[in-house]
2 protein chains.
Amino acid sequence: MPERAFTAGLRLDRVRLNISESTVRRLSFYLRILEKTGDAGVDTLSSEELAERTGTTAAQVRKDLSLFGSFGKRGLGYAVPQLASELREILGLDRTWRVALVGGGRIGSALFEYGGFRHRGFEIVAVLDADPAKVGTIWGDVVLSDISNLEAVLRAESVDIVVLTIPAEAVPDVLDRVVAGGVRGILNFAPVQLRVPSDVTVKDVHMVMELEALSFALSQTGGE
Amino acid sequence: MPERAFTAGLRLDRVRLNISESTVRRLSFYLRILEKTGDAGVDTLSSEELAERTGTTAAQVRKDLSLFGSFGKRGLGYAVPQLASELREILGLDRTWRVALVGGGRIGSALFEYGGFRHRGFEIVAVLDADPAKVGTIWGDVVLSDISNLEAVLRAESVDIVVLTIPAEAVPDVLDRVVAGGVRGILNFAPVQLRVPSDVTVKDVHMVMELEALSFALSQTGGE
DNA sequence: TCCATTCTGTGAACGAATTCACAAGGGCCT
DNA sequence: AGGCCCTTGTGAATTCGTTCACAGAATGGA
Ligand SMILES: NC(=O)c1ccc[n+]([C@@H]2O[C@H](COP(=O)([O-])OP(=O)(O)OC[C@H]3O[C@@H](n4cnc5c(N)ncnc54)[C@H](O)[C@@H]3O)[C@@H](O)[C@H]2O)c1
Ligand SMILES: NC(=O)c1ccc[n+]([C@@H]2O[C@H](COP(=O)([O-])OP(=O)(O)OC[C@H]3O[C@@H](n4cnc5c(N)ncnc54)[C@H](O)[C@@H]3O)[C@@H](O)[C@H]2O)c1
């Protein structure tokens, strides 16, 4: 058995361990369940219970967590608040992320008004749009900026993450400027493939493609 | 080499071939690119070109397509309009899907006003909500119904797909009724794990989890 | 007609992710 | 203290998805 070094319960050797996207998605889910059951007063959960509530298997839960350390007690399970706190640290949610919303249209404003982001530490510190009728309007406690000021705003507000909710045609231009502005995390809602340097991370929300996947699934099973 | 039977270019033996989710997602992407380049007058694309535009590899493109048939010409590539039409058939987009929107809040109304769904054959034929102030209001050419009429509306409108944009707490109840109403495709925006019978397909749009995945990625690379 | 060129379609090799299975740790009861 | 039961942590086996590599179909030019 190889010896291991721990820091606050986190493996040091995770530095270059490759964590898969599916593992990360599940970690988010575990955290959500832990917070919910913690609020309900439960203080211990087994991998089996966590798996059942998140729609996976007990072995998967244990494997996912073991990539980062040993957080459970054999014979007992996982201490809910402790594990939640470990997961927050692992996911980088033990800090505030400064987010700029680029595109103040239908999706953009729905996101802006949604409380679920701030609650998780994602603070919208700027909103930008190209529409002169929108520039200067007050959004909560920020003033909507003109897209021409993009670079200045990104710098002035130390933006970590940009949420792109602009039409597909407008993406390439704006994307280049966002990347040039030093932003290394992008959440994209436009139905296009984003081309970015390898040190920039993009996550896509492709609702139409999800619907198309539903269409495929329904066509398959319905046709027999 | 096993002999094969073809019907309109589609393999009959796909009936029980297991198509992965990633393949389906990529098929959607191929279709989008084909339509875009087709509109631009291009009439042939190689797997290499298709791969480059969708962010995958040529081998992957060919493998994905070969799961359903032989659509290309060796030495030449794929005929754009033909392949687009094949993909539409494969994905079940050669028909109209009748969609009910359950939850006429921020996300629900953004989706409703978005043209990209109808354009792809997803027609919103009903909107439902629990808020008395919203019931009876006119949404395009439908009248918003009270959620208490859910079953009746699903039946009357022959709804194929339900889009769930209601708060997480309201989901379990409504979900049961949707499933009981015979709907077999659900697009879910609430941050909960949906528990459905195996003949019902669920796709999730979990924006907060995508942001958390960004947070994880930025924490990893930023910390070294 | 024949050859050179190009790009598909697909088995085979590879690699990644999931599941299995069990040794060992920990708590609790007698 | 000892024994029993429960549940973790993790190598090994398996399954699943991607990449490789090449034989062979189509085209165009000589
Ligand atoms: N609304 C939906 O339900 C939905 C669903 C799926 C995908 N999307 C995608 O999300 C994106 C936004 O959709 P939407 O419905 O909110 O669109 P929208 O038209 O309501 O909003 C787009 C906003 O972007 C602004 N804009 C345009 N060009 C700009 C530029 N160069 N710089 C800055 N701002 C610019 C516009 O002024 C507008 O305010 C689109 O790419 C769309 O395809 C939307
Ligand atoms: N808005 C966002 O940006 C965003 C982002 C991520 C996830 N979500 C999720 O999407 C869902 C909807 O979010 P939203 O921002 O549109 O919320 P919202 O509060 O704006 O809208 C929810 C709507 O559902 C209705 N409703 C409540 N209970 C109902 C019931 N039992 N039956 C029918 N309708 C009912 C409400 O009347 C309201 O109109 C939530 O689960 C939310 O967590 C939203």
Side-chain angles (χ1 to χ4, degrees), chain A residues 1-6 9-11 13-14 16-27 29-30 34 42-80 82-83 86-87 213, chain B residues 1-6 9-11 13-14 16-27 29-30 34 42-80 82-83 86-87 90:
Chain A
M1 195 187 288
E3 67 269 79
R4 273 180 263 116
F6 289 88
L10 278 185
R11 275 192 189 175
D13 62 5
R14 86 186 144 90
R16 267 303 123 207
L17 226 62
N18 243 28
I19 306 299
S20 74
E21 283 188 38
S22 6
T23 293
V24 176
R25 207 183 13 261
R26 286 191 299 266
L27 293 180
F29 229 121
Y30 303 154
L34 288 166
V42 179
D43 61 341
T44 279
L45 278 180
S46 68
S47 57
E48 183 59 46
E49 294 168 307
L50 210 35
E52 205 217 342
R53 287 171 173 70
T54 53
T56 182
T57 66
Q60 185 73 78
V61 170
R62 295 200 298 274
K63 186 64 93 176
D64 285 340
L65 296 177
S66 79
L67 294 169
F68 298 94
S70 301
F71 307 119
K73 283 209 168 54
R74 294 177 188 220
L76 193 61
Y78 299 90
V80 170
Q82 281 83 337
L83 183 56
E86 294 287 357
L87 286 180
Chain B
M1 195 187 290
E3 67 269 80
R4 272 181 262 115
F6 290 87
L10 279 186
R11 276 192 188 173
D13 63 6
R14 90 184 141 91
R16 270 302 122 207
L17 226 61
N18 244 29
I19 307 299
S20 74
E21 283 187 37
S22 8
T23 293
V24 176
R25 206 182 16 260
R26 285 190 298 266
L27 293 179
F29 230 120
Y30 303 153
L34 288 166
V42 178
D43 60 341
T44 279
L45 278 181
S46 67
S47 55
E48 183 60 46
E49 294 168 307
L50 210 35
E52 205 217 342
R53 287 171 172 71
T54 53
T56 181
T57 65
Q60 184 74 76
V61 169
R62 296 200 298 275
K63 184 64 92 175
D64 285 339
L65 295 177
S66 79
L67 294 170
F68 298 94
S70 300
F71 307 120
K73 283 209 168 54
R74 294 178 187 220
L76 193 60
Y78 299 90
V80 170
Q82 282 83 335
L83 183 56
E86 294 286 358
L87 286 180
I90 291 167

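Chain naming here is simple, since letters A, B, ... match the order of the sequence lines and numbering starts at 1 in each. We use all heavy atoms of the structure for the numbers below, so side chains are in, but hydrogens, waters and symmetry mates are not.
When the P atom of D:dC16 is taken as reference, atom CG of B:Leu67 falls 14 Å away, rounded to whole Å. C:dT18 atom P lies 12 Å from atom CD of B:Glu21, rounded to whole Å. As rounded to whole Å, 10 Å separates atom C1' of C:dG9 from atom CG of B:Leu65. To the nearest angstrom, P of C:dA16 lies 17 Å from CG of A:Asp64. What separates NZ of A:Lys63 from P of C:dA21 is a distance of 14 Å, to the nearest Å. Rounded to whole Å, atom P of D:dG17 lies 13 Å from atom CG of B:Leu27. B:Ile19 places its CD1 atom 13 Å from the P atom of D:dC16, with the value rounded to the nearest Å.
Annotation: the span from A:Arg26 atom CZ to A:Thr54 atom OG1 amounts to 9.0 Å, rounded to 0.5 Å. Interatomic distance, A:Leu67 CG to A:Ile19 CD1, rounded to the nearest 0.5 Å: 4.5 Å. With rounding to the nearest 0.5 angstrom, the OH atom of A:Tyr78 is 8.0 Å from the CG atom of A:Leu50. Atom-to-atom distance recorded for A:Lys73:NZ and A:Ser46:OG is 15.0 Å, nearest 0.5 angstrom. Note that OH of B:Tyr30 is 5.5 Å distant from CD of B:Gln60, once rounded to the nearest 0.5 Å.
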How would nucleotides 2-8 of chain C be written as a contact map, 5' to 3', with B for base contact, S for sugar-phosphate-only contact and - for no contact, using protein heavy atoms under 4.0 Å? ----BBB

In sequence, state the C-alpha distance, the side-chain angles, and the governing distance for A:Leu65 and A:Leu87, and then conclude on side-chain contact (heavy atoms from CB on, under 4.5 Å). CA-CA 9 Å; A:Leu65 296 177; A:Leu87 286 180; 4.0 Å; yes

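For B:Gln60, a side-chain nitrogen or oxygen approaches OP1 or OP2 of D:dT19 to under 4.0 Å. Between A:Thr57 and C:dT19 there is a side-chain N or O to OP1 or OP2 distance below 4.0 Å.
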